[in-house]
Amino acid sequence: MNETTSEKISVLQSLILQNASSQKFELAEGARKESESWLASEMSKLDRETAMILADAKKRAEDVHRRQILAAERQKSTEALRQQNRLLQQALKQFLDGLVKLRDRSDYVNILTALALDGARRLEGFEPVKLRLAAIDGRFGDEVAAEVNAKFPQAGMEFSHEPAPILGGCWIISSDGRRQINSDWQSRTQEVSDTLADRLLAML
């Protein structure tokens with residue numbers, strides 16, 4: 001091999017090495033750019049996923065909070081109603097107890113007579129009427145009926161010895177048995193329950 005040929009081969013080798021080095025750089029640069037692009041794309045996806053997860057978590061937290069508020073409001077409303085009902089029952093019991101204690105008054109017969117007379121007048125046209133009292137008040141029956149007939153003769157009131165299932169007051173029943181005036185303490189208590197409920201509601 002002569003010197004000229006050797007120089008040519010050396011130059012060719014140098015060119016090949018330079019070309020290989022250049023291609024190696026380009027490949028490395030391309031791989032770097034491709035990896036950076038992939039990483040950016042994946043990070044963008046991750047950011048989107050993170051945002052969606054955070055938004056969903058926030059929505060769930062808001063839903064839970066809203067349900068908790070509604071539950072608390074319902075509980076508050078329920079408790080208020082429970083408190084109102086408890087106070088109403090206590091008030092009605094006190095009212096009923098007060099009516100029952102009327103029996104201790106010296107004019108209790110007069111009270112029964114007034115109730116019976118009112119009932120007889122409300123049943124005018126359906127005489128004669130019948131008077132029923134609580135078992136404990138049976139001893140007053142004849143006297144009350146006589147007093148009513150003295151004040152309202154057309155009543156023709158008769159005292160029934162069959163006790164009424166009441167705590168006090170009286171029942172007045174029409175001649176045909178189809179009409180009845182309940183002037184007993186339980187009925188009177190029930191009649192005032194709406195009024196007491198309205199007053200208690202205004203207080204709470």
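Worth knowing before you read on, the calculation uses all heavy atoms, side chains too, and leaves out hydrogens, waters and symmetry mates.
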hydrophobic_cluster_shared for [Y] and [X], side chain cutoff 4.5 Å:
X: Val100; Y: Val192; answer: yes
X: Trp185; Y: Ile166; answer: no
X: Leu99; Y: Ile111; answer: yes
X: Trp171; Y: Leu96; answer: no

Check this for me, if you would: do Asp118 and Arg122 make a salt bridge, where the nitrogen-to-carboxylate-oxygen distance has to be below 4.0 angstrom?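 Judged by the 4.0 Å cut-off on N to carboxylate O distance, Asp118 and Arg122 do form a salt bridge.
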
Please report the C-alpha distance between Glu124 and Phe152 in whole Å, then the side-chain angles of each, then the deciding distance to 0.1 Å, and finally whether the side chain to side chain contact (heavy atoms under 4.5 Å, CB included) criterion is met. CA-CA 10 Å; Glu124 186 173 4; Phe152 189 55; 4.2 Å; yes

Check the pair Val148 / Leu131 against side chain to side chain contact (heavy atoms under 4.5 Å, CB included), numbers first and verdict last. CA-CA 10 Å; Val148 169; Leu131 168 68; over 6 Å; no

Spatial distance of atom [atom1] ([X]) from atom [atom2] ([Y]) [nearest 0.5 Å]:
X: Cys170; Y: Leu112; atom1: SG; atom2: CG; answer: 6.5 Å
X: Leu167; Y: Asp137; atom1: CG; atom2: CG; answer: 10.0 Å
X: Leu102; Y: Asn110; atom1: CG; atom2: CG; answer: 12.0 Å
X: Lys101; Y: Gln94; atom1: NZ; atom2: CD; answer: 9.0 Å
X: Lys130; Y: Leu123; atom1: NZ; atom2: CG; answer: 12.5 Å
X: Asn182; Y: Gln190; atom1: CG; atom2: CD; answer: 11.5 Å

Any donor-acceptor N/O pair, [X] side chain to [Y] backbone, under 3.5 Å:
X: Thr113; Y: Val144; value: no
X: Ser187; Y: Ser183; value: no
X: Arg103; Y: Tyr108; value: no

Within a 6.0 Å radius of atom CD on Glu127, are there more than 12 heavy atoms belonging to other residues, nucleotides or ligands?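 Result for CD/Glu127: enclosed.
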
